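Have a look at the structure below before the remarks.
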There are 2 protein chains.
Amino acid sequence: MNREGAGDCCDMRGMLGFLILFLLSKKPMHGQELAGEIANRKGEKKPSPGTIYPALKSLREAGFIVEEKDGKTIVYSLTERGENALKLAKRKFVKTFFGIFPE
Amino acid sequence: MNREGAGDCCDMRGMLGFLILFLLSKKPMHGQELAGEIANRKGEKKPSPGTIYPALKSLREAGFIVEEKDGKTIVYSLTERGENALKLAKRKFVKTFFGIFPE
DNA sequence: TTATATATATCGGATATCCAATATTAATAG
DNA sequence: CTATTAATATTGGATATCCGATATATATAA
C-alpha cells in the first residue's frame with residue numbers, strides 16, 4: 001500500500017538527512033539523543049538503529065558532520081561544509097514550502 | 001550514489017503528495033500547471049509525466065482530490081477529505097520542522 | 001479531414017529509503 | 001575479571017519514489 005492509501009500524505013521519507021543536519025546545527029548530539037528528538041518532533045517512535053546510523057555515516061562520508069567520542073557515546077556536530085550544505089538546503093526548503101506555515 | 005554524496009542533503013523525495021495537496025489547496029490546477037509550480041518552487045525542471053500523473057492518481061484514489069474536465073485539460077481540486085488530510089499533514093510538518101524557517 | 005501540439009496516462013525499472021535483526025564496542029557495576 | 005547495559009554499526013530486504021519511454025486523447029490549425 002502506498003502512503004496516500006493509508007490516509008497519510010506526508011511521511012517525509014527522504015527528509016531524514018536534512019532533519020539531522022538541522023537538529024545538529026542547533027545542538028551537537030549523540031545518535032540516540034538525535035533519534036529521540038526526531039521521534040518527538042514527528043510524534044512517532046524512534047527511528048531504528050538501522051535508520052539512524054547509516055544516515056549519520058552517510059553525512060559523515062559527505063563531510064557534513066564529524067564525530068567526537070564522549071565516554072560511551074559519540075557526539076555528532078556539523079562541519080563548515082555541513083553548515084553550508086544546510087544553508088543551501090534550507091533555502092530550497094523554504095522556497096519550496098513557502099506559505100505552508102500558519103501565519 | 002546516495003543523495004548526500006552529491007552534496008544535496010534535501011531532495012525532498014517523498015514530499016510530492018504533500019506538496020501537491022498544499023498547492024491544490026491554494027488554487028485548483030491542471031497537471032502541467034501544477035508541475036510548473038513545483039518546478040518553480042524547487043528550482044528544478046518540471047517533474048516528468050511519469051511522476052506527476054501517478055501521484056495525482058494516487059491522491060484521487062485516496063479520495064483527496066477530484067478531477068474536472070476543462071477543455072483539453074483536467075482541473076484537480078481538494079475534496080473535504082483531502083482538506084482534512086492536508087490539515088493533519090501540515091500539523092505534523094510544522095511540528096517536525098519547527099524552527100527551520102528564518103525568523 | 002489531416003496534421004500538429006499539448007495534456008494526460010501507464011509501465012518498467014533504477015535507485016533511495018527505511019526497518020528488523022544481528023553484531024560489535026565500550027563503560028560500569030558486581 | 002565477568003556480567004550487564006546501552007550505544008553504535010552493519011547487512012539484507014521490503015517498499016516507495018521517481019524518471020524515461022511510450023501510448024492515448026483532445027483541441028486546434030491547416
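In what follows, chains carry the letters A, B, and so on, assigned in the order in which the sequence lines appear, proteins first and then strands, with residues in each chain numbered from 1. All values reported here derive from a predicted model rather than from experimental measurement.
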Which one, D:dA7, D:dA9, C:dA7, comes nearest to the side chain of B:Tyr53?
C:dA7
For B:Lys69 and for B:Lys45, locate the closest nucleotide of DNA chain D by heavy-atom distance; then report the residue assigned to the nucleotide nearer the 5' terminus.
B:Lys45
Taking atom C1' of D:dT10 as reference, at what distance in whole Å does atom NZ of A:Lys57 sit?
7 Å
Interatomic distance, B:Glu37 CD vs C:dA7 C1' [rounded to whole Å]:
18 Å
Between A:Phe97 and B:Phe93, does the ring-ring contact (aromatic ring centres under 6.0 Å, His included) criterion hold? Intermediate values first, please.
CA-CA 10 Å; A:Phe97 294 106; B:Phe93 180 88; 4.9 Å; yes
Closest listed nucleotide, where the reference is the side chain of A:Lys72 and the choices are D:dT5, C:dC11, D:dA9:
D:dT5
Atom CD1 of B:Ile38 to atom C1' of D:dT17: distance rounded to whole Å?
14 Å
Between atom CG in B:Leu56 and atom C1' in C:dA7, what is the gap in whole Å?
12 Å
Quickly work out the B:Leu19 CG to D:dC18 C1' distance and round it to whole Å.
14 Å
Please lay out, stage by stage, how B:Leu86 and B:Phe18 fare under the test side-chain contact (heavy atoms from CB on, under 4.5 Å).
CA-CA 7 Å; B:Leu86 177 61; B:Phe18 176 61; 4.0 Å; yes
5'-most contact on DNA chain C (nearest-nucleotide basis), A:Lys46 vs B:Gly31, goes to B:Gly31
Take the protein atom CD1 of B:Ile52 and the nucleotide atom P of C:dT8, then report the distance between them rounded to whole Å.
10 Å
With respect to the side chain of A:Leu16, which nucleotide from C:dA21, D:dT26, C:dC18 is positioned closest?
C:dC18
If you check the A:Glu67 side chain, which of C:dT8, D:dT8, D:dA9 turns out closest?
D:dA9
Please report the distance, rounded to the nearest Å, between NE2 in B:His30 and P in C:dT6.
13 Å
Among C:dA9, C:dA21, D:dA27, the one nearest any side-chain atom of B:Pro49 is C:dA9
What nucleic acid atoms does B:Thr73 come within less than 4.0 Å of, heavy atoms only: base, sugar-phosphate, or nothing?
sugar-phosphate
Please classify the nucleic acid contact of B:Gly50 as base, sugar-phosphate, or nothing, using heavy-atom distances under 4.0 Å.
base
